Q: 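Please find one structure pasted underneath; my questions will follow.
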Amino acid sequence: MKNKSKQRKKAKQIRSYEYEFSEDSVSSFGGLSLTEYLANRLGLWKSLQDQVPDRQGKYERIDIIRGAVGGLLSGSRGTASLSEIAEDEALLKLLGIKELPGEKIFWEELERLGADKVLEALNEGLSQWARKLLQRCNEDEWLNAHGFIPVFGDGSLLEGSGRREGAKSIPGKGTGLMWSNWFVGPVMATQHLSAEAEGEQKGLMDKLDLLLKEVIEPLQWRSKSLFLMDSLHGDGPTLDRLEAENLYYVIGANKLQAARKALDELPQWQWQDVPQNQRRSDSDDEQTCVAWVHCKGWPEKRLLVGKRFKRKGELIWNTVSVITNLPAARLQESSQNDPGFARKVWQLYSSKMGMENYFKDVLIDLSGHRVPCNKLSHNRGYYALLSLAYNLSRGVDLIGGQALREEKREQAKRHKRAPAKWMRIWNLRRKLFSLPARIVVHARKATLRFLGGGQSNLKLFELYWQAIGNC
């Protein structure tokens with residue numbers, strides 16, 4: 001008797017195709033209702049509308065801003081951010097927009113958005129959005145060690161030819177426009193696109209007052225904030241400014257010749273070994289130290305915390321250093337000379353590397369790496385809109401995904417894996433924002449009926465929706 005093998009059922013191959021069009025009010029981006037729900041819950045659009053000057057003409061300025069943010073989050077970029085969603089009538093209903101202008105008018109409006117008065121209002125609105133989002137987040141998710149609120153200042157050289165207004169050439173980096181940002185935790189608090197004569201340092205220091213006024217002081221975080229910056233800012237003016245504001249900082253000092261000299265002249269006995277479980281993963285040996293450095297022009301000496309390490313297979317020490325004004329007691333140490341103090345300072349500074357990843361969301365996921373226009377005013381208006389889009393999407397995940405991250409962290413503990421972080425914007429777009437839905441708006445109430453999208457994504461949407469509704 002022959003054994004009959006079970007045959008696998010094969011999917012039937014499609015041999016012909018047909019299509020038809022429907023007049024139903026359906027959008028491919030019904031999931032963007034999450035961003036609108038959050039914005040309405042926190043009053044983000046209302047506060048921005050009160051902040052930004054009115055626009056003359058057929059189209060309302062707040063509608064153009066809302067449309068551009070929706071376009072950016074749906075995957076559009078550049079001056080086409082508005083026109084690509086202008087024909088999505090269902091999505092416009094969801095956004096509460098009657099009509100949007102074409103690409104030409106949007107290009108002209110970008111120049112107005114980048115003008116001094118309107119741009120100042122947009123920047124203040126961005127900082128206010130940041131404060132409102134941070135108020136509703138669970139700060140324990142992104143607190144530094146020892147209870148610090150991490151405040152990260154950095155700049156990125158955006159891609160662009162030298163023909164673009166404001167472009168500058170930096171040896172080793174290339175040519176482009178400098179975009180400087182302050183992040184408080186994972187939220188962007190300020191942004192500035194520099195003119196040709198400006199640099200990263202000026203872009204950050206000019207926005208420090210706005211950061212303190214609209215975010216740090218209202219949240220009463222001045223004594224909890226820890227400012228983290230790279231070696232570009234390890235000089236007198238930046239340190240003087242932060243010290244004048246009574247702010248804690250840990251800032252790179254690798255570019256200071258006096259710092260290198262101080263570490264080179266330090267006796268061997270002042271270098272303390274770092275325990276094996278606290279070393280870099282790629283090092284065979286690691287030591288830390290503390291010293292004092294007094295550069296020319298400084299009013300007084302400052303505390304220098306050094307570290308040197310030997311990579312696996314190497315015999316030569318690699319030396320790095322930071323400057324800090326942290327007192328020993330703030331790190332639960334009796335003295336700044338204690339070995340534990342230096343190790344904790346480096347532990348705090350290492351969190352800066354993780355915060356540098358926030359630029360990936362804006363530069364990669366929102367396609368902000370390439371400057372879209374030639375004129376500086378147009379680009380300033382565009383990057384103000386891009387910053388609003390980033391904060392709105394980041395807020396959706398910070399607030400909506402909190403329960404999911406807690407669950408994943410518990411799983412990570414059981415399986416001894418790295419804890420889960422928030423979702424990248426491309427993943428939010430893939431799983432949530434691009435859920436297709438039939439949208440009906442009646443009597444100021446929007447009803448969405450989702451059309452497929454996968455059960456796991458629909459459950460995820462429901463989880464986010466409920467969390468935002470409870471915030």
Side-chain angles (χ1 to χ4, degrees), residues 123 126-127 130-131 134 137 139 142-156 178-192 199-256 259 290 293 295 298-300 302-307 320-331 336 341-342 344-359:
N123 285 333
L126 175 69
S127 298
R131 183 183 70 242
L134 291 166
C137 295
E139 65 183 52
W142 39 268
L143 277 176
N144 256 339
H146 310 289
F148 283 112
I149 302 291
V151 182
F152 173 55
D154 200 6
S156 178
M178 179 58 66
W179 192 38
S180 303
N181 310 80
W182 283 111
F183 285 87
V184 180
V187 178
M188 188 189 299
T190 74
Q191 66 87 30
H192 178 71
E200 175 185 328
Q201 193 173 44
K202 178 174 173 55
L204 291 174
M205 290 298 103
D206 284 355
K207 289 292 182 286
L208 183 60
D209 286 338
L210 179 63
L211 171 68
L212 296 175
K213 175 188 173 185
E214 295 292 347
V215 183
I216 302 299
E217 290 178 353
L219 295 175
Q220 299 181 350
W221 283 354
R222 183 180 282 269
S223 62
K224 294 172 60 178
S225 296
L226 179 64
F227 283 68
L228 302 168
M229 306 174 79
D230 61 27
S231 297
L232 178 66
H233 305 275
D235 57 4
T238 301
L239 302 177
D240 291 342
R241 181 71 190 284
L242 295 177
E243 289 168 358
E245 297 289 349
N246 294 317
L247 299 167
Y248 292 133
Y249 61 78
V250 181
I251 298 179
N254 293 335
K255 292 188 176 182
L256 295 177
V290 294
V293 61
C295 295
W298 286 10
E300 57 186 10
R302 291 185 167 104
L303 186 65
L304 183 71
V305 182
K307 179 170 69 173
V320 291
S321 60
V322 294
I323 295 175
T324 184
N325 62 346
L326 284 170
R330 186 64 180 80
L331 301 185
Q336 291 172 330
F341 176 81
K344 289 176 181 178
V345 168
W346 280 106
Q347 179 189 12
L348 291 169
Y349 191 65
S350 66
S351 63
K352 180 183 76 73
M353 292 184 291
M355 298 187 74
E356 290 171 347
N357 289 328
Y358 301 147
F359 275 104

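Note that this is a predicted model, so its numbers are computed, not measured.
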Q: Answer whether the closest heavy-atom distance between the side chains of Val184 and Phe152 falls below 4.5 Å.
A: no
Q: So Ile323 and Leu239, do their side chains get closer than 4.5 Å, heavy atoms only?
A: yes
Q: Drop me the distance from Glu245's CD to Asp240's CG, to the nearest 0.5 angstrom.
A: 12.0 Å
Q: Which residue pairs satisfy the side-chain hydrogen bond (donor to acceptor under 3.5 Å, both in side chains) criterion with at least one member in residues 205-214, sequence neighbours excluded?
A: Arg131-Glu214, Lys202-Asp206, Asp209-Arg241
Q: Could you tell me the separation between the CD1 atom of Ile251 and the CG atom of Leu242, rounded to the nearest 0.5 Å?
A: 5.0 Å
Q: Which heavy-atom pair separates Val250 from Val345 by the least distance, and what is that distance?
A: CG1-CG1, 4.0 Å
Q: Should Leu226 and Leu326 count as side-chain neighbours, where that means a heavy-atom distance under 4.5 Å?
A: yes
Q: Give me each pair satisfying salt bridge (charged side-chain N to carboxylate O under 4.0 Å, His left out) with a member in residues 224-236, each pair once, sequence neighbours excluded.
A: Glu139-Lys224
Q: Hey, are the side chains of Ser351 and Phe148 touching, using non-hydrogen atoms and a 4.5 Å cut-off?
A: no
Q: Which heavy atom of Ala253 sits nearest a heavy atom of Ala259, and at what distance?
A: O-CB, 3.8 Å
Q: Which heavy atom of Gln336 sits nearest to which heavy atom of Pro327, and what is that distance?
A: NE2-CA, 4.1 Å
Q: According to side chain to side chain donor-acceptor pair (under 3.5 Å), who are the partners of Glu243, at least two apart in sequence or on a separate chain?
A: Tyr249, Arg302
Q: Test: salt bridge (charged side-chain N to carboxylate O under 4.0 Å, His left out). Region: residues 348-358. Which pairs qualify, not counting sequence neighbours?
A: Lys352-Glu356
Q: Under a 3.5 Å threshold, yes or no: a donor from one side chain and an acceptor from the other, between Thr238 and Gln201?
A: yes
Q: For the residue pair Trp346 and Gly306, what are the closest heavy atoms and their distance?
A: NE1-O, 3.4 Å
Q: Answer whether the closest heavy-atom distance between the side chains of Leu143 and Ile149 falls below 4.5 Å.
A: yes
Q: Apply side chain to side chain contact (heavy atoms under 4.5 Å, CB included) to Asn181 and Trp179, showing your working.
A: CA-CA 7 Å; Asn181 310 80; Trp179 192 38; 3.5 Å; yes
Q: Does the side chain of His233 come within less than 4.5 Å of Glu200's, by heavy atoms?
A: yes
Q: Check side chain to side chain contact (heavy atoms under 4.5 Å, CB included) between Asn254 and all other residues, then give those that pass, not counting sequence neighbours.
A: Ser231, Val320, Ser321
Q: Could you pull out all residues at least two apart from Phe227 that satisfy ring-ring contact (aromatic ring centres under 6.0 Å, His included)?
A: Trp182
Q: Knowing that exactly one of Leu204, Asp154, Val151 qualifies, which makes a side chain to side chain contact (heavy atoms under 4.5 Å, CB included) with Met229?
A: Leu204
Q: Can you measure from CZ (Phe359) to CE (Met188) and round to the nearest 0.5 angstrom?
A: 7.0 Å
Q: What distance do Ser225 atom OG and Asn246 atom CG have between them, rounded to the nearest 0.5 Å?
A: 12.5 Å
Q: Considering all heavy atoms of both residues, which atom of Lys344 and which atom of Leu331 are nearest to each other, and what is their separation?
A: NZ-O, 2.8 Å
Q: List the steps and the verdict of side chain to side chain contact (heavy atoms under 4.5 Å, CB included) for Trp298 and Val293.
A: CA-CA 10 Å; Trp298 286 10; Val293 61; 3.9 Å; yes
Q: Parallel, tilted or perpendicular: which one describes the rings of Tyr358 and Phe183, with boundaries at 30° and 60°?
A: tilted
Q: For a side chain to side chain contact (heavy atoms under 4.5 Å, CB included) check, start with the C-alpha distance between Ser127 and Thr190, then their side-chain angles and the critical distance, and finish with the verdict.
A: CA-CA 6 Å; Ser127 298; Thr190 74; 3.9 Å; yes
Q: Between Asn123 and Leu210, is any pair of side-chain heavy atoms under 4.5 Å apart?
A: yes
Q: Are any side-chain N or O atoms of Asn325 and backbone N or O atoms of Leu247, one a donor and one an acceptor, separated by less than 3.5 Å?
A: yes
Q: What heavy-atom pair brings Ala342 and Val290 nearest, and what distance separates the two atoms?
A: CB-CG1, 4.2 Å
Q: In Å and rounded to the nearest 0.5 Å, what is the CE to OG distance from Met355 to Ser350?
A: 12.0 Å
